[in-house]
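Note sheet for the following structure.
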Amino acid sequence: MSSLRACCIGATLAVLGTTALGAAPFPVSPTERARAFAECAGRYAAIADHDRLMKGQTNAAAEARRDAFSGLLDAVLPDAVAYGMPVAKSREWHSTARAAHIQLLAAAAYSFRESEASRAELAAAFHVSLCDRLILGA
């Protein structure tokens, strides 16, 4: 099984499992908030990069969300570090989420199988919707 297929199957199962169980509550601890904000900033960075490369245009909304989540991360990072979280961990979460989202966007755009492209698109949209739920008015 290719790593891309495993990624998409895993993402689809995560979507289905989380949808069935309901969304997780708002992250309570400073470390949980730092992780959520870092991952969301990474996902929106992936969307902004993808649109710039694929469409040749800037996605101002994605860049604004990326910046908003980066600002939220900056706000909670001192508390998370005070609770023992290494600063480098937030960069790791950001990079990992960005890379995973890039894979989903690439699978949605380039997959030769319609079902795989649809699953990747659904998974990407789901993860972004979880981020959007963290911001009031989104």
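Atoms considered below: every heavy atom in the structure, side chains included; atoms not considered: hydrogens, waters and symmetry mates.
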- Could you list the residues that satisfy side chain to side chain contact (heavy atoms under 4.5 Å, CB included) with Ser118, not counting sequence neighbours?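 Scan of Ser118 (side chain to side chain contact (heavy atoms under 4.5 Å, CB included), adjacent residues dropped) gives Glu114.
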Which residue pairs pass the disulfide (SG to SG under 2.5 Å) test when at least one of the two sits in [range], sequence neighbours left out?
range: residues 38-77; answer: Cys40-Cys131
range: residues 88-119; answer: none
range: residues 51-84; answer: none
range: residues 51-125; answer: none

- Task: Check the surroundings of atom CD in Glu63: do more than 12 heavy atoms from other residues, nucleotides or ligands lie under 6.0 Å from it?
- Result: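 Count over threshold, so yes.
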- Query: Between Thr58 and Ala60, is there a donor-acceptor pair closer than 3.5 Å when you use the side chain of the first and the backbone of the second?
  - Reply: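 Answer holds: no.
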- Residues clustering with Tyr110 (ILVMFWY side chains joined when closer than 4.5 Å, directly or via others):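 Via sub-4.5 Å side-chain contacts, Tyr110 links to Met54.
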Please tabulate, for side-chain N and O atoms in residues 66-78, each donor-acceptor pair with protein atoms closer than 3.5 Å (sequence neighbours left out).
| residue | atom | partner | partner atom | Å |
| --- | --- | --- | --- | --- |
| Ser70 | OG | Arg66 | O | 3.0 |

Under 3.5 Å, which donor-acceptor pairs do the side chains of residues 41-50 form with other protein atoms, sequence neighbours left out?
| residue | atom | partner | partner atom | Å |
| --- | --- | --- | --- | --- |
| Arg43 | NH1 | His101 | ND1 | 2.9 |
| Tyr44 | OH | Asp132 | OD1 | 2.4 |
| Tyr44 | OH | Asp132 | OD2 | 3.3 |
| Asp49 | OD1 | Arg52 | NH2 | 2.5 |
| Asp49 | OD2 | Arg98 | NE | 3.3 |
| Asp49 | OD2 | Arg98 | NH2 | 2.3 |

- Message: Under the rule for side-chain hydrogen bond (donor to acceptor under 3.5 Å, both in side chains), what residues qualify as partners of Arg35, not counting sequence neighbours?
- Response: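 Here the qualifying residues are Glu39.
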Would you mind writing out the side-chain donor-acceptor pairs for residues 80-92 within the sub-3.5 Å range, not counting sequence neighbours?
| residue | atom | partner | partner atom | Å |
| --- | --- | --- | --- | --- |
| Lys89 | NZ | Glu92 | OE1 | 3.4 |
| Lys89 | NZ | Glu92 | OE2 | 3.3 |
| Ser90 | OG | Val87 | O | 2.9 |

- Query: What is the distance from atom OG1 of Thr31 to atom CH2 of Trp93, rounded to the nearest 0.5 Å?
  - Reply: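 Output value for this atom pair is 6.0 Å.
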